[in-house]
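Below is one structure, written out as structure tokens; the observations come after it.
These numbers come from the heavy atoms of this one structure, side chains and all, not from hydrogens, waters or symmetry mates. Counting convention: from 1, in listed order, for ligands and their atoms alike.
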Amino acid sequence: MITVENLHKHFGGFHAVDGASLSVREGSITGLIGPNGAGKTTLFNVIAGVLPPTSGRVTMQGEDITGLPPHALFHKGLLRTFQIAHEFASMTCRENLMMVPGGQSGETLWNTWFGRKRIAEEERALRAKADEVLEFLTITHLADQRAGEISGGQKKLLELGRTMMVDARIVFLDEVGAGVNRTLLNTIAEAILNLNRERGYTFVVIEHDMDFIGRICDPVICMAEGRVLAEGTLDEIKANEQVIEAYLGTGLKNKDMVGT
Ligand SMILES: Nc1ncnc2c1ncn2[C@@H]1O[C@H](COP(=O)(O)OP(=O)(O)O)[C@@H](O)[C@H]1O
Ligand SMILES: [Mg+2]
């Protein structure tokens, strides 16, 4: 579904992504792991159009999408989750979801004057959809709470929920599990698996929690120093000499990875 060919992203003389090549199979939940500083987030940002690449190519189903801006990719169904923006913190969770789809009739003056009935209908439909998403994510009880007041893990679920308000095809998740407790992490894993099975979403997931990766991801791609080191099942990756080297090289921070 996505191919990345010899991608480079340099910040001054620093090569954050240094010739990365990989592909993401349609319908997969692909894991992206690697020690801190490997270039994972930068790679995501380049694919999702947040940062322009220094060189290289990204294609989506054969179409060159290199350097397309996020809104253009959004319309193609390629989404990267973002933290709930500051200005949305005072809105409720339901309102945060209802904000997502663009092109609502209510946005033009013409419609404000002549389309009141239609706007009301659309808003009802949007509200129903938001409630469906909240239920799917098991956070119906948070519908009327302000997004700024829910826990970190609940925010992650809400961010995932935002991708469900549109017809996403491939979703990039960066450290969904960071700071999230076990129970919520399970809920997030379930939601990802369900979206994959029931709605055909393809996912690329960056996460440090190897239990989480092992449970939902196949294949797993390991990056280090801006390049792809290995791809395979998590067990294959864990047994890969170069991968072990890369993790050990970063000290004890990632010791879980090599099972010490
Ligand atoms: N905007 C930037 N300017 C300069 N260096 C950056 C920038 N963004 C990331 N880096 C550097 O690029 C490297 C890769 O970062 P990142 O993509 O965040 O890695 P990862 O997500 O794998 O931990 C890091 O050394 C980081 O400091
Ligand atoms: Mg990162």
With a 4.0 Å cut-off on N to O distance, would you call Lys129 and Glu122 a salt bridge?
no
Proximal candidate to atom 23 (O) of ligand 1 [heavy atom criterion; set Pro35, Gly12, Ala38, Gly37]
Gly37
Is any side-chain heavy atom of Leu158 closer than 4.5 Å to a side-chain heavy atom of Ile150?
yes
Quick one: sort the Tyr201 and Phe203 rings into parallel, tilted or perpendicular, breaks at 30° and 60°.
tilted
What is the closest protein heavy atom to atom 19 (O) of ligand 1, and at what distance does it sit?
Gly39 N, 3.2 Å
Does Thr41 bring an N, O or S atom to under 2.8 Å of the Mg ion (ligand 2)?
yes
Which atoms of ligand 1 are found less than 4.0 Å from any heavy atom of Asn36?
23 (O)
A side-chain contact here means heavy atoms from C-beta on lying under 4.5 Å apart; do Lys76 and Arg169 qualify?
no
What protein heavy atom sits nearest atom 11 (C) of ligand 1, and how far off is it?
Phe14 CE2, 3.7 Å
Any non-hydrogen protein atom less than 4.0 Å away from atom 26 (C) of ligand 1:
no
Any donor-acceptor N or O pair under 3.5 Å, side chains Asp174, Thr41
yes
List the closest protein heavy-atom neighbour of atom 17 (O) of ligand 1: residue, atom name, distance to the nearest 0.1 Å.
Thr42 OG1, 2.5 Å
Around atom 18 (O) of ligand 1, find the nearest protein heavy atom and jot down its residue, atom name and distance.
Thr41 CB, 3.7 Å
Phe44 vs Phe172 aromatic rings, parallel, tilted or perpendicular, using cut-offs 30° and 60°?
perpendicular
Starting from atom 1 (N) of ligand 1, locate the nearest protein heavy atom and write down its residue, its atom name and how far away it is, to 0.1 Å.
Phe11 CE2, 3.4 Å
Are side-chain N/O atoms of Gln145 and Arg94 paired as donor and acceptor at under 3.5 Å?
no
